[in-house]
Amino acid sequence: MTTPAPDPAATLPTAREASACTRLGLVVDARAVALALLIAACFIAVIELRLHARGFRPTVLDSPELWAHWRREANALGENALVFVGASRMQLGIDPATVTRTTPLAPVQLAIDASFPLPVLEHMADDPGFRGHVIMDFYPAAVTTLDRDDEAARYVRQFAAQRPPGRLPTFDRTEPWLRDRVRWSLASYADGASPWQSLWLRVLTPAATPAYLVTWPDRSREADYALVPMPDFALGRAMRHLETAPRDHDGPEPVRTLAELDAAVASIRSPTATPPEFLAGVERIAALARRLAERGATLTVVQMPTSGYVREIDRRRFPRALFWDVLAARLREVPVTTLYVADVPTLAHFECPDGSHLDRRDRAAFTAALMQALGLSPAP
Amino acid sequence: MLFNSYTFAVFFVVLFALDRAIGHWPTRKALLLLASYLFYAAWNPLYVFILGGSTGLDWWLARALDRAEGLRLRKALLILSLVANLGLLAFFKYWTLFMDGLAALLLGIGQPDALPRHNLLLPVGISFYTFASLSYTIDVYRRKVRADASLPDYALFVSFFPHLVAGPIVRAYQFLPQLRAPRRATSAQVEWGLTLLILGLFSKAVMADFLFAPVVDTVFADPARFGTIEALAGVIAFSGQIYYDFAGYSLCAIGLALCFGFEFPDNFRYPYAAIGLRDFWRRWHISLSTWIRDYLYFSLGGSRSGPWRNGFNLLITMTLAGLWHGASPMFLLWGLLHGAYLAAERELAARCPLPATGLLPVLGMLLTVLLVTLTWIPFRAPDLATLLGVLGALCAHDTSLKLDALTLLGVYLGFSATLAWQWHWREGSPELAFGHLRTIPRATLLGACLLLIFLCSGGDERTFIYFQF
């Protein structure tokens, strides 16, 4: 059986259907795109100049990819890795250059802003490739609320889902690299803002909070509190601390004025016994420390400095005898080194201008004193 | 590699410069082929072999089909092409669903589920390049095109990066003739290609991702929280998001091809200005709807076999079009609904045709948008519970707002403006719209688009919706 010969009439025509090309005669104007690029570039330049004039500078933008880079570095450094785990207090309080200068160890900043450290600690404890030393920031709520699905959990999940980095420049390697280079060069992206937010909140809002935070490529951060209006800024921090921290059912309502803040702090009712969930959290940390110790890695838990209202709120919510002392006693059995900065004369005098974080002028001195207090650097 | 990425910007600039610098046509074609494979490999280097294997097999089968005289042999070769292409597509798309179904069956008869599971990663663009490739072997079988393309030319047709991962589904008869004679983009083509690229990126970054997507994600994540106003905003926002996302991608693809001197057919033609579902499918994802019409609907008999058979054909065609999107009962439902609408509309139109003037066409357009928008709900909902949740929220008499009022206003205004703009230009084209503008207004408009693309960057990064298909 044979098929009929091709019918020329049935042969489909070459593409002359409705398309952008067939209508091209309508639109020829070679100058419009070039002029459009110029217009957009001029507007972006004006926004950048306005941001610079208001003190905003390009900064590194923390991201899961940047964190993943340093997480891999923590393994690559082997026993020389000194890893910092926690949240913003750790990022703003530790000066990596001072660690490098005063200790034989290489600092790796794995703390993640506004997160609880347990997912990161757990990830390192479960990773046989990690053999370094961990310094973890202690905050009682982080031990009580173990399974919060926050940024730390997301960073760890994203890291676990990543393919191991190969030699080929695949999209998932080139794109974060290029994106970071662009965004770290423009003030419009400063400190995690989007250009839209920068325009509305930093260029067009007269009372914008000045750029007081800088993030560095090593993920450490610096805060210059001389640039922000005090005491309003510190009071705002205290109010946020009061509102976002866990409350009793009959705990204080969100506050609005200084008097209300005073009343709210005064009304905090301290617990009378250590909550069982905190004890469970301590046991979990102890188990993770044991897992780390099995391969020569170590864990140190540090209570970072706080001041003013923030310290008072934490003191009332988490009395030392019921929280820190319980944790320290249990972890010493593992053994885990614990350090309460207020107990060390060389550390106790550091003050946090906003109540929760050290100023950039203090971070080198604080880091040097901390390294010395932990026995990681020789006494002067 | 996404068109709205920094990596692609570098890729495009380097490739464009090389393309302009090289004069030798076969070398330029080789460059575009190599670049297209690099473009694909940037996502997953291993899956390049699937693309290459599928291309090589179809090229060889098409040549064999062209040479073969016996109908049996020709049918056998066509079936081999269909089985190989659709088998590969089915394997990657439906294997997990098949194994889950088998496991449920085993459990149902009291047997343990010991079936092997493989975490298959769907090769991006497989649905698109499979259909592009299949159109070639079917057209050769039908003697509508000759299989006279060289392997490099055919490989470039299948893998040409602008259409490779999310269409438009370009057919061999549209693209291969463009490779025969040397061609270089004129300055007018490059200018308009870049304009389309800017408009496409604006659609994606500003309209789809910035204006609509956040509301969609919030409402569909937990629909029970919301009342009618917000649920409706979520549904409308998805209607806007999927249009701007996919039409934006198509504009980018058409514009990029034009920058290299190649011509792609339109893929969207103001679909939300359609009067009726048949009109809608002539305007929405045109390259897929015409592919399905030509190779599936017509093969089933089309509209030549009486109303019941025609209705059945429409149901089957649209159901398969739904399943083309993925192995989900929600896509099946979406396809079934569209099939049912088309069948019903055909009968209705035969009995009482719609007048072409007056208010009725506007009402017809609004009714069509309403139906299409509501039918997007199963398309977006990941499961039946979410679908029912959204439908429940649409009927909930809760007037309290959980979402920012300005955001909601943006969605309603943005979608209304889209409808008005599409209705105004329903018989026109972007070229006609821009043709009215002189240099300064046109440059200002494009400059504003570029500025907004910049301003709306830096938020949650979303891939193009159709990459998952």
Side-chain angles (χ1 to χ4, degrees), chain A residues 1-7 10-44 47 61 163 166 168-172 174-175 177-179 181-183 186 188-189 192-199, chain B residues 1-2 5-7 10 41-45 69-72 74 139 142-146 173-175 177-178 187-189 191-196 198 210 254-255 258 263-266 269 429-432 434-435 439-440 442-451 454-459:
Chain A
M1 185 181 287
T2 58
T3 51
D7 171 12
T11 303
L12 293 169
T14 53
R16 298 312 300 173
E17 297 162 11
S19 75
C21 209
T22 56
R23 300 182 295 259
L24 204 58
L26 298 168
V27 291
V28 178
D29 189 340
R31 294 163 300 176
V33 172
L35 202 54
L37 284 167
L38 191 67
I39 290 170
C42 286
F43 268 98
I44 292 168
I47 293 170
L61 177 59
R163 284 179 291 175
L168 293 172
T170 49
F171 182 74
D172 52 7
T174 57
E175 187 57 19
W177 191 88
L178 283 168
R179 186 192 59 214
R181 292 317 168 278
V182 171
R183 295 188 181 175
L186 293 173
S188 294
Y189 295 100
S194 70
W196 182 265
Q197 291 167 327
S198 287
L199 178 66
Chain B
M1 208 184 292
L2 305 170
S5 67
Y6 297 103
T7 309
V10 173
W43 171 71
N44 188 336
E69 291 298 323
L71 187 57
R72 275 190 187 173
R74 290 169 53 74
D139 282 347
R142 290 177 175 175
R143 300 285 193 207
K144 289 190 169 179
V145 294
R146 298 299 310 269
Y173 78 84
Q174 294 167 325
F175 193 82
Q178 301 184 49
S187 59
Q189 283 177 318
E191 189 267 339
W192 185 238
L194 290 174
T195 301
L196 291 180
I198 293 168
F210 188 78
I254 293 166
L258 209 50
E263 184 179 347
F264 283 0
D266 290 343
R269 204 176 296 138
S429 64
E431 291 79 11
L432 196 61
F434 265 72
T439 302
I440 298 293
R442 184 187 298 192
T444 307
L445 184 64
L446 287 178
C449 287
L450 282 167
L451 184 63
F454 168 73
L455 288 175
C456 295
S457 64

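Computation of the quantities below employed the complete heavy-atom set of this structure, encompassing side-chain atoms and omitting hydrogens, waters and symmetry-equivalent molecules. Note that the structure is a prediction, hence the values are computed from the model and not measured. In what follows, every chain begins at residue 1, and chains take the letters A, B, ... in the order their sequences are listed.
For chain B, the option among C42(A), S198(A), P195(A) with the highest count of heavy-atom pairs below 4.5 Å is P195(A).
Contacts between L38(A) and chain B at a heavy-atom distance below 4.5 Å are absent for every atom of the residue. For I39(A), the part lying under 4.5 angstrom from a heavy atom of chain B is the side chain only. Using a 4.5 Å cut-off between heavy atoms, L186(A) touches chain B through its side chain atoms alone. A41(B) touches chain A through its backbone: at least one of N, CA, C or O sits under 4.5 Å from a heavy atom, while the side chain does not. Looking at I44(A), the atoms closer than 4.5 Å to chain B (heavy atoms on both sides) sit in the backbone and in the side chain alike. With a 4.5 angstrom heavy-atom cutoff, T174(A) touches chain B via backbone and side-chain atoms both.
Summarising the geometry, atom CZ belonging to F43(A) is positioned 12.0 Å from atom CG belonging to L450(B); distances are rounded to the nearest 0.5 Å. Taken from CG in L199(A) to OG in S188(A), the straight-line distance is 8.5 Å, to the nearest 0.5 Å. If you take CG on L445(B) and OG1 on T195(B), they are separated by 10.0 Å, rounding to the nearest 0.5 Å. Taken to the nearest 0.5 Å, the CZ atom of R183(A) stands 9.5 Å off from the OG atom of S194(A).
Of all heavy-atom pairs spanning Q178(B) and Q174(B), the tightest one is NE2-O, 2.8 Å. Between E69(B) and R74(B), the closest heavy-atom pair is O-CD, 3.9 Å.
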